[in-house]
Amino acid sequence: MDAKVCVSLLIDKLQDFLPGQAATSNPLFKKQVQTTVNDLRSFKQFLQDAEDREASSGCWSMNAQTVARVLKAIYSADDATDTLLIRNELQQIRFRRRHNQTSPFMFSFTSLCSHILFIHEMKKSMNEVRRLLKKKEKAVTWDNATTSTLLSFENDLEYGWRWLFLEETNYFVGPEQKMNELFIRLKSQEFPKVIAVVGEGGLGKTTLATILYNRVDVRRNFTHRAWVQVPSLFDARYVLADIVKQINQVELVVESTLSEDELMVRIGELLNGGRCLIVLEGVGVESSQILATLLNSSQFDARIIITTRVVLNLPYQATYLTLRLGRLNEEESWKLFLNKVRMAEAEVMNNSQLITLKKQILKICDGLPSAIVLLSGLLSTKQPHYDDWYRAIVRASNNKGDILALSYHDLPSEIKPCFLYMGIFPRKAEIPVRRLIHLWVAEGFVMPSDPEKTNHEDVAERCFKELVIRNMIQVRRKSDGSPKTCYMPGFLYDYFSSKAEAVGFFHTSCASTNKQSELAAVRRLVATHSGTINNFPSSFLQNLRSFVAFNTQIHAAGDVGMFLNKIISNRGFGLLYMLDLEGLYKPMLSDDVLQKLIHLKYLGLRSTFIDSLPEAVQSLPCLETLDVKYTNISNVINIDKAEKLRHLYLFENSSDKVRLDLRSITSLRTLCGLNIESLSELTELQKLTRLRKLKLIGPGNMIGSKEMSEYIFKLTKLQFLKLRCKDNSCISLDLSLKEHEYLRDLYLDGLLSQERFDNLFPPYLRKLTLLSSGINVNDQLLVLGQLPHLNILRLFCDSYFGKQLIFPSEAFPNLLILKLRSLPNLEEWIVEKGAMKYLNRLEIRDCKHLMKPPQGLVNLKFLKEPVITNMIMGFGEAVEDILRGRNVSLLIFVSANDKVK
């Protein structure tokens with residue numbers, strides 16, 4: 001779990017006490033702190049030994065009861081330490097405010113009382129630690145095996161981007177004839193109302209459904225699609241609301257106020273006679289009633305795919321087809337293994353030593369796709385040498401084929417709590433990668449070895465990448481291939497989430513009353529159902545560190561206010577590090593409560609649509625991340641005392657109400673959505689020299705000003721830059737980014753300087769988006785074609801005014817994605833042989849004067865799925881003729897509104 005991480009952080013906190021006044025003036029306190037540090041160091045070694053045993057054997061070295069005792073002991077010690085820290089901080093605040101009314105004696109007496117309570121609590125915790133240490137066994141290694149180390153992604157520029165384009169989990173090996181039959185039925189107007197994909201866990205039901213859902217042949221036949229993960233505690237309204245939001249995301253707020261019947265009507269209105277494909281994942285006996293609800297509706301025409309582990313009695317209205325999945329044969333198993341280990345068959349077959357392990361691999365996995373995927377992911381992190389693979393396979397054999405446990409034990413120490421933390425989210429809930437990275441950091445799971453060279457977010461991203469490579473999380477990607485959301489696969493969630501909750505790593509709001517009575521305290525809590533968060537007594541919540549809400553129903557907002565009051569009710573303050581309310585509609589937050597959460601590091605209010613931000617937020621001393629994107633905040637925000645603030649996400653439509661006092665928040669790394677209105681604001685902005693991600697919006701005279709260009713020039717550590725003009729004025733961007741060696745993602749909205757065009761683009765740029773650039777000459781675009789690392793190019797809305805576009809041979813050597821939209825004068829496009837040789841995705845939209853497909857299109861050997869939208873009649877068919885006979889699926893849309901969601 002996170003015991004070792006928590007011990008390391010706790011040692012650091014306690015060591016900070018030793019040189020302080022409290023330790024020098026109170027020998028008893030100093031002795032207790034030093035004794036505790038020594039005990040914790042021994043305990044840390046105990047945990048490392050246990051981890052080494054698990055890595056060696058692939059088995060659990062401690063039972064659930066022992067793990068629970070370990071976590072409880074460490075959490076209790078950490079609670080006592082943080083309680084003392086907060087009491088000291090609050091006492092100092094009160095003393096500063098009322099120094100004329102508070103005597104030094106009273107101040108010292110209060111401190112002494114706090115120290116006595118700390119010593120008492122710490123002794124109890126350390127007594128339990130010593131009892132556990134007595135059970136310590138000498139670590140037994142297996143062929144010198146130790147815990148894995150985190151994969152290194154530095155010093156490998158190409159691999160750092162290539163990992164984004166690794167094959168996702170929608171690679172299916174199985175009965176080809178049944179797959180083809182389903183494709184035919186899905187395209188037919190007469191195919192069954194319901195297709196049920198049935199099989200035990202880990203057989204690939206979701207993978208198969210994903211292929212059906214995303215196949216071009218299917219997308220052409222449905223105007224809308226929706227994929228819903230059916231919750232374990234079934235709620236028909238939740239399913240319908242999810243469908244509404246996926247059909248039209250503008251409905252994000254409206255759905256919160258509608259009843260079940262009204263939602264059905266709303267779905268029909270949104271579809272407007274169109275056909276809809278709905279996937280219901282994880283349907284059980286108790287939730288099969290949603291099928292009757294959807295099939296009974298006369299409001300719309302829906303076709304439904306369900307995945308289930310049991311054969312259901314479907315409603316009589318349903319004409320349905322059942323596909324039963326079974327285990328793979330040896331040939332299919334080996335094919336899947338090679339795909340997931342990311343090695344060509346020849347690479348393995350030509351290695352005489354590795355191929356000898358094939359029989360053992362197939363025996364261990366026994367045809368179960370989930371086992372194959374995990375074992376191949378584990379082996380993909382090892383060198384393709386016999387000894388490394390053999391050790392892993394022997395561990396799997398000794399563990400009786402428990403690949404799930406082995407996959408966890410083989411993880412590097414810093415990744416284990418990150419992985420388990422994903423179990424706090426609802427099953428198959430898609431978590432924004434941006435959100436997950438910040439939560440890991442706020443929890444303290446990741447620590448850079450050298451903070452001067454690497455920050456916390458960099459380490460968290462490395463952990464995320466390794467989990468992807470190990471096939472332990474699944475990723476949904478943006479259209480540019482970068483990760484958007486992720487989730488723990490269902491078979492892993494079912495195994496690990498219950499274990500993590502059982503030992504107290506986190507708790508859910510739907511825990512039973514009997515279960516709650518066994519808890520000493522709750523450290524992490526996730527709320528998924530209305531009203532249940534207030535079932536916990538305040539004594540259980542006083543040491544809560546993180547709260548994550550997933551209930552989007554409107555009446556849950558008041559529950560949050562009551563819940564936060566419970567956290568502080570016993571002691572007058574809370575230990576909360578993280579308050580993540582993303583997606584909860586207008587939660588009630590008060591200044592009185594927030595100002596008592598002085599250790600709060602993360603406050604997530606994205607998509608809450610709150611109308612105002614409590615003033616207390618502006619002065620939280622430990623706040624590192626504040627996310628108020630997609631809110632209706634109208635009051636002026638003066639962020640002045642949050643000195644540790646590192647990441648600030650604003651809503652562009654309301655960010656003109658934000659005022660930053662940059663005298664104190666100079667540690668910002670991320671600033672997104674800030675509206676710059678005046679030169680004085682820009683002058684203040686220049687104090688932010690550590691920015692890595694910057695998104696600015698403002699009038700043309702500010703975004704295109706000389707002062708702006710000079711400021712951007714000084715931000716040499718930038719990794720992402722977006723400049724956008726909000727008044728559609730014709731601005732000139734006179735930038736020079738040639739020296740920005742870390743800049744990877746660039747978004748520019750405005751005319752580009754013709755004279756300095758050659759110096760505009762950084763050498764290691766990977767993604768470029770241009771709007772209103774006013775480029776007239778093809779030769780200028782060739783400057784982009786010479787960028788050796790450019791993977792994604794998006795030329796939008798008047799970025800190019802030329803009539804002819806020529807990509808010569810060897811231009812754009814590593815381009816993977818190209819999007820052309822609204823280029824008003826483009827008449828001819830020539831792609832010479834050798835240009836864009838690795839292009840994978842192509843989109844052409846609203847180029848009304850481009851009469852025929854680009855010459856040389858046939859040379860793009862890796863092109864998979866061209867998308868043609870709003871082009872002249874016959875353009876898409878001409879592209880189809882050129883690519884006929886190749887394994888390419890073409891999407892043609894008459895208008896942008898026809899594009900499948």
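Residue indices begin at 1 and follow the sequence shown. Quick note: numbers below take in every heavy atom, side chains included, and nothing from hydrogens, waters or symmetry partners.
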Donor-acceptor pair, distance only, cut-off 3.5 Å: does the side chain of [X] make one with the backbone of [Y]?
X: Thr608; Y: Tyr585; value: no
X: Ser607; Y: Gly583; value: no
X: Lys205; Y: Glu200; value: yes
X: Asp366; Y: Leu368; value: no
X: Arg845; Y: Asn870; value: no
X: Arg470; Y: Thr381; value: no
X: Asn471; Y: Val373; value: yes

CA sep, side-chain torsions, deciding dist, call: Ile473, Val468, side chain to side chain contact (heavy atoms under 4.5 Å, CB included):
CA-CA 5 Å; Ile473 58 175; Val468 173; 3.8 Å; yes
Going through the distances and angles, do Trp227 and Thr206 end up as a side chain to side chain contact (heavy atoms under 4.5 Å, CB included)?
CA-CA 11 Å; Trp227 184 296; Thr206 300; 3.9 Å; yes
Identify the two heavy atoms, one from [X] and one from [Y], that lie closest to each other, and give their separation to 0.1 Å.
X: Ala549; Y: Leu584; result: CB-CD2, 4.5 Å
X: Ile243; Y: Ile278; result: CD1-CD1, 3.9 Å
X: Gln246; Y: Ala226; result: OE1-CA, 3.4 Å
X: Phe609; Y: Lys586; result: O-CE, 3.0 Å
X: Thr307; Y: Gly282; result: OG1-N, 2.9 Å
X: Ala209; Y: Ile305; result: CB-CG2, 4.4 Å

Measure the spacing between [atom1] of [X] and [atom2] of [Y] and express it to the nearest 0.5 Å.
X: Ser546; Y: Leu439; atom1: OG; atom2: CG; result: 8.0 Å
X: Arg434; Y: Lys629; atom1: CZ; atom2: NZ; result: 8.0 Å
X: Leu816; Y: Phe862; atom1: CG; atom2: CZ; result: 10.5 Å
X: Leu374; Y: Leu404; atom1: CG; atom2: CG; result: 5.5 Å
X: Thr223; Y: Leu277; atom1: OG1; atom2: CG; result: 10.5 Å
X: Leu436; Y: Cys463; atom1: CG; atom2: SG; result: 10.0 Å

Counting C-beta onward and ignoring hydrogens, is there a side-chain heavy-atom pair between [X] and [Y] closer than 4.5 Å?
X: Gln229; Y: Pro426; result: no
X: Leu411; Y: Leu467; result: yes
X: Ile372; Y: Leu328; result: yes
X: Tyr495; Y: Asp402; result: yes
X: Glu443; Y: Pro417; result: no
X: Val548; Y: Phe506; result: no
X: Leu379; Y: Leu375; result: yes
X: His438; Y: Asp627; result: no

Check the orientation of [X] and [Y]. Use parallel for under 30°, tilted for 30 to 60°, and perpendicular for over 60°.
X: Phe337; Y: Trp334; answer: parallel
X: Phe464; Y: Trp440; answer: tilted
X: Phe496; Y: Tyr408; answer: tilted

Listed partners of Glu430 passing side chain to side chain contact (heavy atoms under 4.5 Å, CB included), at least two apart
Arg476, Thr485, Tyr487
When you check the side-chain N and O atoms of Thr508 and Glu501, is any donor under 3.5 Å from an acceptor?
yes
Set of residues satisfying ring-ring contact (aromatic ring centres under 6.0 Å, His included) with respect to Tyr630, sequence neighbours excluded:
Phe651
Could you list the residues that satisfy ring-ring contact (aromatic ring centres under 6.0 Å, His included) with Tyr493, not counting sequence neighbours?
none
Take Met488 and Ser497 through the test side chain to side chain contact (heavy atoms under 4.5 Å, CB included) and record every step on the way to the result.
CA-CA 10 Å; Met488 187 186 292; Ser497 181; 5.7 Å; no
Verdict with reasoning, Asp494 to Arg427, per side chain to side chain contact (heavy atoms under 4.5 Å, CB included):
CA-CA 8 Å; Asp494 296 339; Arg427 191 179 189 276; 2.8 Å; yes
Under a 4.0 Å N-O cut-off, is there an ion pair linking Glu269 with Arg266?
yes
For Arg841, is there an ion pair with Glu843 - N to carboxylate O distance below 4.0 angstrom?
no
So for atom CD, which belongs to Glu330, do other residues, nucleotides or ligands contribute more than 12 heavy atoms lying within a distance under 6.0 Å?
no
